[in-house]
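Heads up: the structure comes next, in structure tokens.
Every number for a ligand or one of its atoms is a count from 1 in the order of the listing. For reference, positions follow the sequence shown, starting with 1.
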Amino acid sequence: MNIEWSKLGFGFIQTRSNIRFNFKNGQWSEGKLHSDYDITMSIAAQVFHYGQACFEGQKAFMGKDGKVRIFRPVENARRQNATMRHLLMPEFPEKIYVEAMKKVVRDNIDYVPPYGTGGAMYIRPVAFGTGPTIGVAPSDEYEFIIMAMPVGPYYKGGIKPVDAWVINDYDRAAPLGTGTIKCAGNYAASLLPSKIAKDNHCPIPLFTDPKEHRYIDEFGTSNFIAVSKDGKYVTPKSGSILPSITNKSLMQLAKDMGMPVECRPILKSELPGFAEVGACGTAVVLTPVGRIYDNGEVISYDTEAIGPVLKKLYDEMTGIQYGEIADRHGWMVEV
Ligand SMILES: Cc1ncc(COP(=O)(O)O)c(C=O)c1O
């Protein structure tokens, strides 16, 4: 193993092992560590045809004290089970889920970026239907795998605001569809709108509500948060966005700081009135948004730096994750 921690980005790296479970005859097997990254399955596997596939994302951090801890893993277990229920996949026991996350991180502990490098161990659970299925139906067999790999800090050389492109011609999910769950199909559907954003020099797409396109939904892989001019934390309430674990945690930290927190429908027309806007999620923690492009209109925030309120929230969150600040809510789980 020869990793230059300072050069790590956010991408796939093969590590020592992944842990695998399979579901057969109505029950999940014991987990086994595998050193290979390949899998053999039928060309008729359900996942290839009818898309029973879902995943999660979380990070483990090397703390200041040299201990490795995972951020709120039970939240991922719960969210993946909510996704599984929606896709008619068999739920996975929460306790075993968290233990499996710990086990794969422990087995790859030398791949966890050292404290001070700004990196983390990205944990990726994935589940899919493997049973041969030709008529549209749920699979009777599944694979559940957790892999883990080191990722670099999202911000190299300081936090820089990113620009967002409002998607008006596509939706990532339907009003009563799969927007609130983390199924693979949502991401396939977001590839083209994300490309449109990138082609317009915006790293992130901003989706609006699929019913009326008047309200803010979320970014491609992160939730939308804003700080109002009177100092409130504002984030969309919508039936078509993913309930972000990062957003839930930032809302708590904002409350701890005495900020009023509003989770409510946010009209697109409110955008120019916000003091700060950010995107939050596991990969980026909290990225400030510099400009939002919407149908020829440009809404500008601070395009040079993260705003003071989002910076405070960012510092608090990363402080807890790296063990620099007391974990007062019991979010960090030692591996
Ligand atoms: C569509 C979408 N929204 C929001 C998020 C942020 O969620 P979390 O904070 O749990 O990573 C993600 C990433 O998982 C995502 O894919």
Side-chain angles (χ1 to χ4, degrees), residues 10 53-61 70-84 86-87 97-98 101 120-127 146-149 151 154 162 164-167 170-174 177-194 197 203-210 215-226 233 235-254 263 266 277-287 289 310 313-314 316-318 320-321 329 331-333:
F10 193 88
C54 61
F55 68 102
E56 274 298 327
Q58 193 46 273
K59 280 177 176 168
F61 301 84
I70 307 175
F71 185 68
R72 308 191 78 171
V74 75
E75 294 288 332
N76 295 92
R78 287 184 185 150
R79 192 169 63 186
Q80 187 144 15
N81 276 333
T83 304
M84 303 259 237
H86 194 128
L87 298 181
Y97 191 108
V98 173
M101 273 174 128
M121 188 76 150
Y122 183 69
I123 307 167
R124 164 58 60 87
V126 62
I146 306 179
M147 57 196 101
M149 65 209 71
V151 294
Y154 195 80
V162 297
W165 184 265
V166 177
I167 303 297
Y170 296 91
D171 297 313
R172 66 179 283 282
T178 54
T180 57
I181 62 167
K182 208 162 167 63
C183 62
N186 287 353
Y187 297 83
S190 75
L191 293 174
L192 175 61
S194 296
I204 53 174
L206 176 54
F207 291 96
T208 52
D209 78 282
Y215 296 92
I216 300 296
D217 250 1
E218 64 174 331
F219 298 105
T221 57
S222 48
N223 273 183
F224 175 99
I225 60 175
Y233 182 111
T235 192
K237 186 180 172 76
S238 159
S240 46
I241 65 177
L242 191 75
S244 153
I245 299 163
T246 314
N247 196 2
K248 182 177 177 179
S249 310
L250 288 169
M251 282 192 253
Q252 181 61 56
L253 297 180
C263 183
I266 300 175
V277 166
C280 72
T282 296
V284 298
V285 186
L286 207 175
T287 309
V289 172
L310 292 185
L313 286 165
Y314 175 86
E316 190 73 11
M317 181 79 148
T318 51
I320 290 172
Q321 290 175 329
H329 296 291
W331 288 341
M332 305 306 294
V333 174

For F10, give me all partners under ring pair (Phe, Tyr, Trp, His ring centres under 6.0 Å), at least two apart in sequence or on another chain.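 Counting only residues at least two positions away or on another chain, F10 forms a ring pair (Phe, Tyr, Trp, His ring centres under 6.0 Å) with Y122.
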
Which bit of [X] gets closer than 4.0 Å to ligand 1, counting heavy atoms only: side chain, backbone, both or neither?
X	result
S244	both
R172	side chain
E218	side chain

For [X], counting its heavy atoms only, list the atoms of ligand 1 lying under 4.0 Å from any of them.
X	value
G220	1 (C)
N223	3 (N), 4 (C)
G281	6 (C), 9 (O), 11 (O)
I245	8 (P), 9 (O), 10 (O)

Can a non-hydrogen atom of [X] be found less than 4.0 Å from any atom of ligand 1?
X	result
S222	yes
K182	yes
R79	yes

May I ask you to test the [X]-[Y] pair for a side-chain heavy-atom distance under 4.5 Å?
X	Y	answer
Y187	K182	yes
F207	S190	yes
L286	T246	no
M251	I225	no
Y233	N247	yes
Q80	M84	yes
F219	V289	yes

May I ask which of N76, N186, T221, T180 has a heavy atom nearer to atom 12 (C) of ligand 1 than the others do?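 Nearest option to atom 12 (C) of ligand 1, by heavy atoms: T221.
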
Heteroatom proximity flag, T246 to ligand 1, N/O under 3.5 Å: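 Yes - when backbone and side-chain N and O of T246 are compared with those of ligand 1, one distance drops under 3.5 Å.
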
Nearest protein heavy atom to atom 16 (O) of ligand 1, by residue and atom, and its distance?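 Ranked first by proximity to atom 16 (O) of ligand 1 is Y187 OH, 2.5 Å.
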
Closest approach of any protein heavy atom to atom 11 (O) of ligand 1, naming residue and atom: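 Ranking protein heavy atoms by distance from atom 11 (O) of ligand 1, first comes T282 OG1, 2.5 Å.
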
Show the nearest heavy-atom pair for residues R79 and P243, with the distance to one decimal.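 Reported closest heavy-atom pair: NH1-O, 2.9 Å.
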
